[in-house]
2 protein chains.
Amino acid sequence: MSTGAPAGYDPHAFEPFAVTVDLAVFTVRGGRLHVLLVERGEDPYKGHWALPGGFVLPRESAESAARRELAEETGLTEDTAGALHLEQLRTYSDPDRDPRMRVVSVAYAALVPDLPEPRGGGDAAGARWWDAGALGPLAFDHDRILADAYDRIGAKLEYSCLATAFCPPEFTLGELQQVYETVWGVELDRPNFRRKVLTTPGFVQALEGSPRRTGGRGKPAALYRAGAATALHPPLLRPEGRST
Amino acid sequence: MSTGAPAGYDPHAFEPFAVTVDLAVFTVRGGRLHVLLVERGEDPYKGHWALPGGFVLPRESAESAARRELAEETGLTEDTAGALHLEQLRTYSDPDRDPRMRVVSVAYAALVPDLPEPRGGGDAAGARWWDAGALGPLAFDHDRILADAYDRIGAKLEYSCLATAFCPPEFTLGELQQVYETVWGVELDRPNFRRKVLTTPGFVQALEGSPRRTGGRGKPAALYRAGAATALHPPLLRPEGRST
DNA sequence: GCCTTTATAGTCAGAATGACTATTAAGGAG
DNA sequence: CTCCTTAATAGTCATTCTGACTATAAAGGC
């Protein structure tokens with residue numbers, strides 16, 4: 001706000017706003033994009049699945065609330081997953097988006113590497129990963145939030161180094177390419193992808209002594225870790241059109 | 001929100017959140033980027049300049065509130081400026097960002113063509129355009145919001161057709177180029193800019209009968225209006241690095 | 001009529017990309 | 001052990017896109 005409260009504004013005068021966060025937590029497992037959802041144990045939308053989230057506490061910022069919720073739902077903290085990427089998406093404020101009261105929700109997208117199945121901690125009845133491809137309707141306006149989140153990360157892969165956030169600390173270029181192919185739903189040419197990634201300074205960084213990942217079916221692949229760069233110049237454009 | 005209020009959650013139990021909108025309204029005039037600011041008439045920050053904005057009313061969305069405030073401050077509605085572009089930026093929720101109470105603010109960026117000086121309508125003591133280059137410190141965290149807004153529109157010019165929102169309904173390619181040069185603070189090669197814009201389908205649309213803008217100093221320029229496209233493929237990249 | 005200014009047309013080399021082919025190095029089947 | 005399959009890696013080549021230019025056209029000012 002800015003122009004000052006209306007003269008005589010009383011914070012308690014009318015039904016107040018509640019402020020919450022909603023999280024679209026994505027991961028790539030088995031060549032499919034997955035989203036973390038929790039099952040609602042109460043009305044409204046009892047039995048439906050929803051994005052994890054919760055109230056912003058009186059003395060915390062929305063981002064702190066998002067990190068707290070993320071830790072509660074996934075058991076992850078900044079330490080356990082250094083690559084954790086949390087990004088504010090946008091805020092949803094339709095007056096009727098929650099039938100119980102006026103709730104304004106700040107949505108975040110989080111990208112995590114493949115994780116173990118979430119422990120059922122927190123207040124959620126159950127939490128599990130769902131294939132993002134085929135989801136039944138979610139509670140509240142979460143379908144819309146999820147669609148916006150999906151658009152955002154797809155677009156962001158084009159001009160940022162974000163894809164490494166989906167990978168474990170050490171990864172092969174094939175795994176990185178898998179991330180792009182999974183999120184975009186397209187196939188990329190392997191040599192071209194490789195050239196692009198390796199000629200972009202700071203995108204990835206070869207591991208010392210060039211260890212290789214063996215045990216797979218083909219020629220062992222070199223290992224890399226995420227580089228220092230955050231932006232991609234020029235961008236790595238999707239074969240077709242874009243959104244946003 | 002999503003997981004349900006904590007059992008027994010009472011909306012009136014603690015100091016509630018107020019939800020506001022803040023607007024970074026940009027225009028290009030005289031080859032300089034300008035921002036609309038209002039002077040605060042009350043403490044805190046009395047006498048400082050701030051982004052226009054105000055409370056979200058109990059039955060309206062943040063976007064409606066933003067449009068309402070924008071109309072109040074500029075005298076513009078959707079009708080008067082068809083090209084008006086309003087875009088949600090992000091939400092600022094630091095617990096101490098307003099010393100009076102807990103205020104969560106949804107920030108929007110608006111792009112408008114060159115407008116007459118704003119009438120002093122609304123509750124603001126005074127409102128005027130400021131050169132975005134050299135601004136004194138603003139009230140609250142508005143310096144930060146403004147910086148974020150600036151980053152966003154600069155980045156968005158690269159991959160969207162947004163620049164036309166700064167132009168009047170009919171414009172020349174020179175004027176469009178001026179927008180890019182002003183926002184990015186760089187000089188662009190005129191023939192190359194022209195080539196890029198004209199070969200991007202749907203970016204601009206030549207006016208029927210190819211009228212020309214005369215009265216200027218050089219050869220009269222052809223007039224265009226904004227095309228149907230919203231995204232730029234491939235993008236029009238800035239000469240140097242980017243942000244966000 | 002010059003001169004300045006701006007719009008517009010066109011050229012040319014380098015960079016980046018898309019579509020390929022070839023080679024290397026593993027595991028698995030026989 | 002040897003062939004076969006699989007995947008990683010190394011190149012090639014043509015096309016597209018871009019940046020840096022030069023040239024021409026059409027206005028106003030003197």
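Below, chain A is the first sequence line, B the second, and so on; all start at residue 1. These numbers were taken from a predicted model, which means no experiment stands behind them.
- With rounding to whole Å, Leu198(B) atom CG is found 12 Å from dA7(C) atom C1'.
- The distance from atom CZ of Phe203(A) to atom CG of Leu232(A), rounded to the nearest 0.5 Å, is 5.0 Å.
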(request) Show your reasoning for whether salt bridge (Lys or Arg N to Asp or Glu O under 4.0 Å) applies to Asp148(B) and Arg144(B). (result) CA-CA 6 Å; Asp148(B) 289 348; Arg144(B) 164 109 190 277; 3.7 Å; yes
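- Taking 4.5 Å as the limit, some side-chain heavy atom of Pro234(A) sits within range of a side-chain heavy atom of Lys196(A).
- Here the C1' atom of nucleotide dT6(C) and the CD atom of Glu175(B) are 12 Å apart, to the nearest Å.
- Distances from the side chain of Pro191(B) to the nucleotides dA26(C), dA9(C), dA19(C) place dA9(C) closest.
- As rounded to whole Å, 16 Å separates atom C1' of dT21(C) from atom CZ of Arg190(A).
- Atom pair Arg238(A):CZ and dG18(C):C1' shows a separation of 18 Å (rounding to whole Å applied).
- Each of Lys219(A) and Leu236(A) was assigned the nucleotide of DNA chain C with the nearest heavy atom; the assignment lying further toward the 5' end belongs to Leu236(A).
- Along DNA chain D, read 5' to 3', the first and last nucleotides having any atom under 4.0 Å from a heavy atom of chain B are dT18(D) to dG28(D).
- A centroid separation of less than 6.0 Å is found between the aromatic rings of Tyr180(B) and Phe193(B).
- One atom, CG of Leu173(B), and another, P of dT6(C), lie 15 Å apart when rounded to the nearest Å.
- Considering only the side chain of Asp189(A), dA19(C) comes nearest among dA19(C), dT8(C), dT11(C).
- To the nearest 0.5 Å, the span separating OH on Tyr224(B) from CG on Leu176(B) amounts to 10.5 Å.
- A residue-by-residue look at Arg217(B) and Pro220(A) shows that Pro220(A) has its nearest nucleotide of DNA chain D further toward the 5' end.
- In this structure, of dT5(C), dA9(C), dA19(C), it is dA9(C) that holds the atom nearest to the side chain of Arg194(B).
- No side-chain donor from either of Tyr92(B) and Asp22(B) sits under 3.5 Å from a side-chain acceptor of the other.
- Rounded to the nearest 0.5 Å, atoms CG (Leu51(B)) and CG (Leu36(B)) are 9.0 Å apart.
- What separates CZ of Arg195(A) from P of dT17(C) is a distance of 7 Å, to the nearest Å.
- For Phe171(B) and dA7(C), the CZ to P distance is 14 Å, given to the nearest whole Å.
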